[in-house]
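So that the names make sense, note that chain A is the first sequence line, chain B the second, and so on, each numbered from 1.
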Amino acid sequence: MLKTHSCGELRATHVGQKVTLAGWVNRRRDMGGVIFLDLRDRDGKTQVVIDAGRSQESFAIAEEIRSEYVIQVTGEVSRRPEGQENPNISTGEIELLAEKVTILNRSKTPPFHIAREDAVDESVRLKYRYLDLRRERMQRNIILRHRAIKFIRDFLDERGFVEIETPILFKSTPEGARDYLVPSRVHPGKFYALPQSPQQLKQLLMVAGFERYFQIARCFRDEDLRADRQPEFTQLDLEMSFVERDDILDLIEELMVGMVKAVSLVPLAHEKFPRLSYAEAVERFGTDRPDIRYGMELVNISDIVANSAFRVFTENVAAGRPVKAICAPGCGSYSRKQLSELEDIAREAGAKGLAWLAIHPETEEIRGPIVKFFNTEQLQAIVERMEAKPGDLILISSDEKRVVHEVLSTLRTEMARRLGYTDKKELAFCWIVDFPLFEEELEDGHLAPSHHMFTMPKREHIPLLDTDPHAVLSEQYDLVCNGFEVAGGSIRIHDRALQNKIMQLIGFSLEEAKEQFGHMLEAFEYGAPPHGGIAPGIDRLVALMAGEPNIREVMAFPKTAQATDLMADAPSEVSPKQLEELHIEVVLPQKGK
RNA sequence: GGGGGCGUGGUGUAGUGGUUAACACGCCGGCCUGUCAAGCCGGAGAUCGCGGGUUCGAUCCCCGUCGCUCCCGCCA
């Protein structure tokens, strides 16, 4: 080894020892007769002192040294002079008195500061990702990611799980997201697909009798990107046999609590994760992925306004359309302009308009364009129901149920952001359970699975498949944290007859099913055990635990929002020869259309 | 596919329809033996993303385009 210690481990107890360190020059301070270098490696920083009076040769070398040079220093660990300690670094008690300094490699001046946490343009960071990764923030995040994955592996290993790799080259199915395709050279005109997740394979591993499987699995989806979505991402893919829903939930909850305690920079809000039904989540928060770090829940005031003079509300209530509201603390003094902004946000979310009531902080007088339609008792009843206080703002929406929920959920998030609730540094997990098995009908009149077609209906709802399939709830569950979906899974159908029925309901002919899932269906005829699983998104979880707003910050080599790699310049054109071998002809889109 | 934001020395920003585009950090040189965001002195470094238009004159206004980013659609 070119070093005896790391740059983060020397302490007062090492004083007097002769050591060799190697790393990058974080910063150089040249005092004329003495040069200080902060030597940095993954582990930390150590101050190196090069004294002209101690070694002329080393001093001459040190004068040449610049930021990010890679050097090796041998010398004696020395206690810093009284009052010269640096409490900001772990090695601040000591310094290394250089006897021999070797330049292992020189460095060009980097395109941005490595030693500072300055904001740098995203495209520059991504082009020089290897330098960006050298910075403290990214080192911290990537190592945090490693620790999280290590924790997961150890945790599951201790509980009898087997990690099994599944193919990256697999089969395309038209369900779900757009596939990344890989042309086959050997089979002209045919394609592999990169897995959107190892869903089918993990179920087959249950048929194969492994009972407890997991994989840190790379997944690929050719869809547009978001702050929490990259075209390739990592899931903890997990499947268990002979389990019921709560077995999976309890296991994952224990895993999450343990992992957050072990590695997270952001603490848990609570150790027991609330379990909300899909219906309850939508009623209270307007969404199936609520941020429960704060309240501002949706409250139904339909009964109070049903007999008011405001026809929009009375007609809606009469037609079964709800009137619901949220109360934004301290926003009662919002200006006309601010309220108009909120109305724009509501409209964008699908509202036709936005009603509001503002309570004066001192006089408690209620103002708002719809006040005149209500009597004092009605207004008082609304204020009481909303638990609104002087100075608060009540935002009211009435429309079709799903519109109301969409609008108020959007406003709830917006107000939380404005009020600083979303800055709260804690992780608030909750489970969402009892999802509907089907989403609403597609244009062709058939049902669509809300999760995927292997999801088990709740046992007691199976008879409803024939009579009222919309009412059927499933054994699907999501784990949500701070408003992000961080895991999703279900208990699977292991019975061939039931699977056939589901496929019929979603309009899958037996021929189609055979072509796409033939191997699955056949496998289920050979003694498939009852089984279920879940797939937590590693990138999202690590980003949350690192306090990062974007999963790029926890991926070593992420892609841009346009799905490109600025460092390697991917995707790129390939040679005609390569295309020819793959039997591929490129037809570019017409420009200017 | 649609909408919003951003683009000015290496990095981060300021700025203006009109003289030499300003500041901080970084970089280069000099001074300095206890600094740690070292300090002091001096210096180099910008076709203001690119193309077109309006104008006597555009970094600034307009259109287009490219790049980065956030959101909607999309993501079983």
Side-chain angles (χ1 to χ4, degrees), chain A residues 26-39 45-54 59 63 66-68 78 80-89 91-92 95 97 108-128 131-132 135 173-179 196-197 199-200 219-231 233 344-345 348-350 406 410 413-414 435 437-439 442 447-455 474 476 485 488 490 502 506 508 516 535 537 549-550 552 559-562 564 566 589 591-593:
Chain A
N26 200 55
R27 218 183 282 276
R28 189 180 81 121
R29 290 178 294 278
D30 184 345
M31 315 302 296
V34 63
I35 294 173
F36 295 96
L37 298 176
D38 291 336
L39 192 59
K45 284 175 274 193
T46 302
Q47 174 162 281
V48 175
V49 186
I50 301 145
D51 195 318
R54 201 174 167 93
F59 193 81
E63 284 191 304
R66 294 293 180 270
S67 288
E68 300 308 316
S78 167
R80 291 194 184 194
E82 188 75 29
Q84 300 287 335
E85 299 86 359
N86 183 350
N88 299 320
I89 57 175
T91 60
E95 59 194 3
L97 302 181
K108 299 206 311 195
T109 301
F112 49 82
H113 302 290
I114 308 294
R116 287 169 176 262
E117 287 294 298
D118 302 352
V120 178
D121 187 79
E122 191 76 23
S123 56
V124 180
R125 291 180 62 196
L126 290 171
K127 180 174 178 189
Y128 298 96
L131 296 179
D132 189 32
R135 304 207 300 171
T173 55
E175 302 283 295
R178 206 175 283 118
D179 282 323
Q196 297 175 24
S197 80
Q199 182 62 39
Q200 296 180 36
C219 305
F220 306 86
R221 294 180 188 173
D222 187 3
E223 298 292 349
D224 288 342
L225 289 80
R226 287 286 189 284
D228 61 349
R229 273 168 31 194
Q230 284 268 315
F233 60 100
D344 289 344
I345 290 164
E348 192 138 329
E406 176 72 26
T410 304
T413 307
E414 172 66 18
F435 280 79
L437 183 62
F438 300 111
E439 281 175 355
L442 295 170
L447 298 165
S450 70
H451 187 47
H452 58 60
M453 57 184 272
F454 304 111
T455 300
S474 74
Q476 183 198 337
E485 183 192 324
S490 64
I502 299 290
I506 63 177
F508 238 63
Q516 285 173 36
N550 192 304
R552 280 193 308 273
K559 294 188 172 48
T560 69
Q562 305 305 318
T564 63
L566 295 178
K591 264 272 183 172
K593 278 205 162 178

- Message: At under 4.0 Å between heavy atoms, how does the protein contact nucleotides 1-12 of chain B? Give one character per nucleotide, 5' to 3', with B, S or -.
- Response: B--------BSS

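Between the side chains of A:Q196 and A:D179, at least one donor-acceptor pair of N or O atoms lies under 3.5 Å.
B:G67 and B:U8 have their C1' atoms separated by 16 Å, with the value rounded to a whole Å. Using P as the reference atom, B:G49 and B:A58 are 15 Å apart when rounded to the nearest Å. Between the P atoms of B:A37 and B:G42, the separation comes to 25 Å (whole Å). When the P atom is compared between B:C71 and B:A46, the two are found 37 Å apart, to the nearest whole Å. Taking the P atom of each, B:A24 and B:C32 are spaced 25 Å apart, rounded to whole Å.
Nearest-nucleotide mapping onto RNA chain B: of A:A561 and A:L225, the residue sitting toward the 5' end is A:A561. Mapped onto RNA chain B by nearest heavy atom, A:A227 and A:M453 fall at different nucleotides, with A:A227 at the one closer to the 5' end.
Among the atoms of the strands shown, none is found under 4.0 Å from any heavy atom of A:E348. Across all strands, A:D51 comes closer than 4.0 Å to base atoms (heavy-atom distances). At a threshold of 4.0 angstrom between heavy atoms, the contacts of A:L566 are confined to the sugar-phosphate backbone, with no base atom among them. Among the heavy atoms of the strands lying under 4.0 Å from A:T564 are primed sugar atoms or P, OP1, OP2 only; no base atom is included. Within 4.0 Å (heavy atoms only), A:G92 reaches no atom of the nucleic acid at all. Within 4.0 Å of A:E82, counting heavy atoms only, lies no atom of the nucleic acid at all.
Side-chain proximity of A:S123 to the nucleotides B:A37, B:A38, B:G67 is greatest for B:G67. Picking from B:C27, B:G73, B:C68 the nucleotide with the shortest atom distance to the side chain of A:R229 gives B:G73. Taking only side-chain atoms of A:R29, from C-beta outward, the nucleotide of B:C32, B:A38, B:C75 with the closest atom is B:A38. Distances were taken from every side-chain heavy atom of A:V49 (C-beta onward) to each of B:G29, B:C27, B:G34; the shortest belongs to B:G34. Between B:C36, B:A37, B:C70, one nucleotide has an atom nearer to the side chain of A:R27 than all others, and that is B:A37. Comparing B:U33, B:U35, B:U69 by their nearest atom to the side chain of A:A52 picks out B:U33. In this structure, of B:A37, B:C36, B:U69, it is B:U69 that holds the atom nearest to the side chain of A:R552.
The nearest whole Å value for the distance from the CZ atom in A:R116 to the P atom in B:U13 is 14 Å. When the C1' atom of B:A37 is taken as reference, atom NZ of A:K45 falls 11 Å away, rounded to whole Å. A:R178 places its CZ atom 7 Å from the C1' atom of B:C74, with the value rounded to the nearest Å. Note: OH (A:Y128) to P (B:C68) measures 15 Å, nearest angstrom. Atom CG of A:D228 and atom P of B:C70 are 10 Å apart (whole Å).
OP1 or OP2 of B:A37 has not a single side-chain nitrogen or oxygen of A:N26 nearer than 4.0 Å. The side chain of A:Q84 contributes no N or O atom lying less than 4.0 Å from OP1 or OP2 of B:C36. For A:T109 and B:G26, the shortest distance from a side-chain N or O to OP1 or OP2 is not below 4.0 Å.
Under the Watson-Crick or G-U wobble criterion, with both distances below 3.5 Å, B:C40 is paired with B:G30. When Watson-Crick and G-U wobble pairs are counted only if both distances are under 3.5 Å, B:U13 pairs with B:A22. As the counterpart of B:C6, B:G67 is assigned, both hydrogen-bonding distances of the Watson-Crick or G-U wobble pattern falling under 3.5 Å.
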Would you list the atom pairs, donor with acceptor, under 3.5 Å between side chains in residues 108-115 of chain A and any protein atom, with sequence neighbours excluded?
none

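For B:C74, its base never sits under 3.5 Å from the side chain of A:R221 at any donor and acceptor pair.
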